[in-house]
Novice: 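Starting off with a structure, shown below.
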Amino acid sequence: QKEVEQNSGPLSVPEGAIASLNCTYSDRGSQSFFWYRQYSGKSPELIMFIYSNGDKEDGRFTAQLNKASQYVSLLIRDSQPSDSATYLCAVKAFGNEKLTFGTGTRLTIIP
Amino acid sequence: NAGVTQTPKFQVLKTGQSMTLQCAQDMNHNSMYWYRQDPGMGLRLIYYSASEGTTDKGEVPNGYNVSRLNKREFSLRLESAAPSQTSVYFCASKDRVLDGYTFGSGTRLTVV
């Protein structure tokens with residue numbers, strides 16, 4: 001079982017709709033959770049982080065964390081063509097200096 | 001403020017050749033990392049350095065060596081390149097307080 005799992009996609013969403021990206025993790029000691037966006041041929045860019053159960057909102061992005069279910073998600077509201085990218089989920093355990101990444105979900109926003 | 005700078009951006013090597021990938025950060029971060037990214041495999045950690053003077057193996061260290069030259073610089077060396085090392089290599093650094101990484105722009109390496 002992979003430590004961090006994501007559906008590889010591609011996930012196609014109409015422009016203006018909500019895109020929902022999901023991630024599960026196996027290490028119950030994970031305490032920090034991150035979402036990175038990676039455009040084709042570019043480096044990953046941090047867009048959201050969440051440490052506590054519940055929702056965290058930043059503009060059109062909402063990260064959701066459920067530690068009991070070992071589940072973290074990213075919602076993108078009012079999806080735009082510029083949101084088309086691969087989204088990487090990453091987790092870190094307390095006291096661990098390393099992030100573990102999922103393989104990413106490729107998101108395509110259809111105009 | 002450049003962030004994390006990697007050189008070179010592209011490189012083609014012949015099997016058996018050696019090379020060093022350079023990485024420097026100007027954010028006064030303590031931790032630095034080298035990842036490789038392959039299609040369908042995601043980002044895999046090669047080596048990391050939690051602080052100046054320390055280095056540790058990651059998930060896929062075989063065939064690589066690293067040097068944490070000072071707080072700013074963390075280099076990755078391929079002593080004898082193999083086609084299996086064809087990949088995109090990313091350097092990253094991390095602030096002690098904020099856990100998220102800042103990535104460099106990457107090095108696309110092809111070994112023929």
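Just so it is clear, the model here is predicted, and its values are computed rather than measured. Proteins get letters first, then strands, A, B, ... in listed order; numbering begins at 1 in each.
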Novice: Using the rule that Ile, Leu, Val, Met, Phe, Trp and Tyr join whenever any side-chain heavy atoms are under 4.5 Å apart, tell me whether Val4(B) and Leu109(B) fall into a single cluster.
Specialist: no
Novice: Tell me whether Arg72(B) at atom CZ has more than 12 heavy atoms from other residues, nucleotides or ligands lying less than 6.0 Å away.
Specialist: yes
Novice: How long is the span from the CD atom in Gln37(B) to the OG1 atom in Thr86(A), to the nearest 0.5 Å?
Specialist: 8.0 Å
Novice: Please classify the contact of Gln6(A) with chain B as side chain, backbone, both or neither, using a heavy-atom distance under 4.5 Å.
Specialist: neither
Novice: Where on Leu43(B) is there a heavy atom nearer than 4.5 Å to chain A: the side chain, the backbone, both, or neither?
Specialist: both
Novice: Verify the neighbour count for atom CZ of Phe49(A): are there more than 12 heavy atoms of other residues, nucleotides or ligands below 6.0 Å?
Specialist: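 Atom CZ in Phe49(A) is not crowded, with 12 or fewer foreign heavy atoms closer than 6.0 Å.
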Novice: Counting only N and O atoms by type, is there a donor-acceptor contact under 3.5 Å from the side chain of Ser43(A) to the main-chain atoms of Gly106(B)?
Specialist: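 Judged by distance alone, no pair lies under 3.5 Å.
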Novice: Name the region of Arg44(B), side chain, backbone, both or neither, that has any atom closer than 4.5 Å to a heavy atom of chain A.
Specialist: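 No part of it gets close to chain A.
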Novice: Taking all atoms of both residues into account, what is the closest heavy-atom pair of Tyr36(A) and Phe103(B), and its distance?
Specialist: CE2-CE1, 3.7 Å
Novice: Is there a path of hydrophobic side-chain contacts, each under 4.5 Å between heavy atoms, that joins Leu76(B) and Tyr33(B)?
Specialist: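 Looking at the clustering, Tyr33(B) is in a separate group from Leu76(B).
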Novice: With a 4.5 angstrom heavy-atom cut-off, which part of Lys98(A) approaches chain B: side chain, backbone, both or neither?
Specialist: both
Novice: For Leu99(A) and Tyr35(B), run side chain to side chain contact (heavy atoms under 4.5 Å, CB included): C-alpha distance rounded to whole Å, both residues' side-chain angles, the deciding distance at 0.1 Å, then the answer.
Specialist: CA-CA 11 Å; Leu99(A) 292 188; Tyr35(B) 282 85; 4.1 Å; yes
Novice: If hydrophobic clusters are built by linking Ile, Leu, Val, Met, Phe, Trp and Tyr wherever their side-chain heavy atoms come under 4.5 Å apart, do Leu75(A) and Leu88(A) end up in the same one?
Specialist: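 Not linked; separate clusters.
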Novice: May I ask whether Leu46(A) and Tyr51(A) are part of the same hydrophobic cluster, defined by side-chain heavy atoms of I, L, V, M, F, W, Y residues being less than 4.5 angstrom apart, directly or through others?
Specialist: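 Same cluster.
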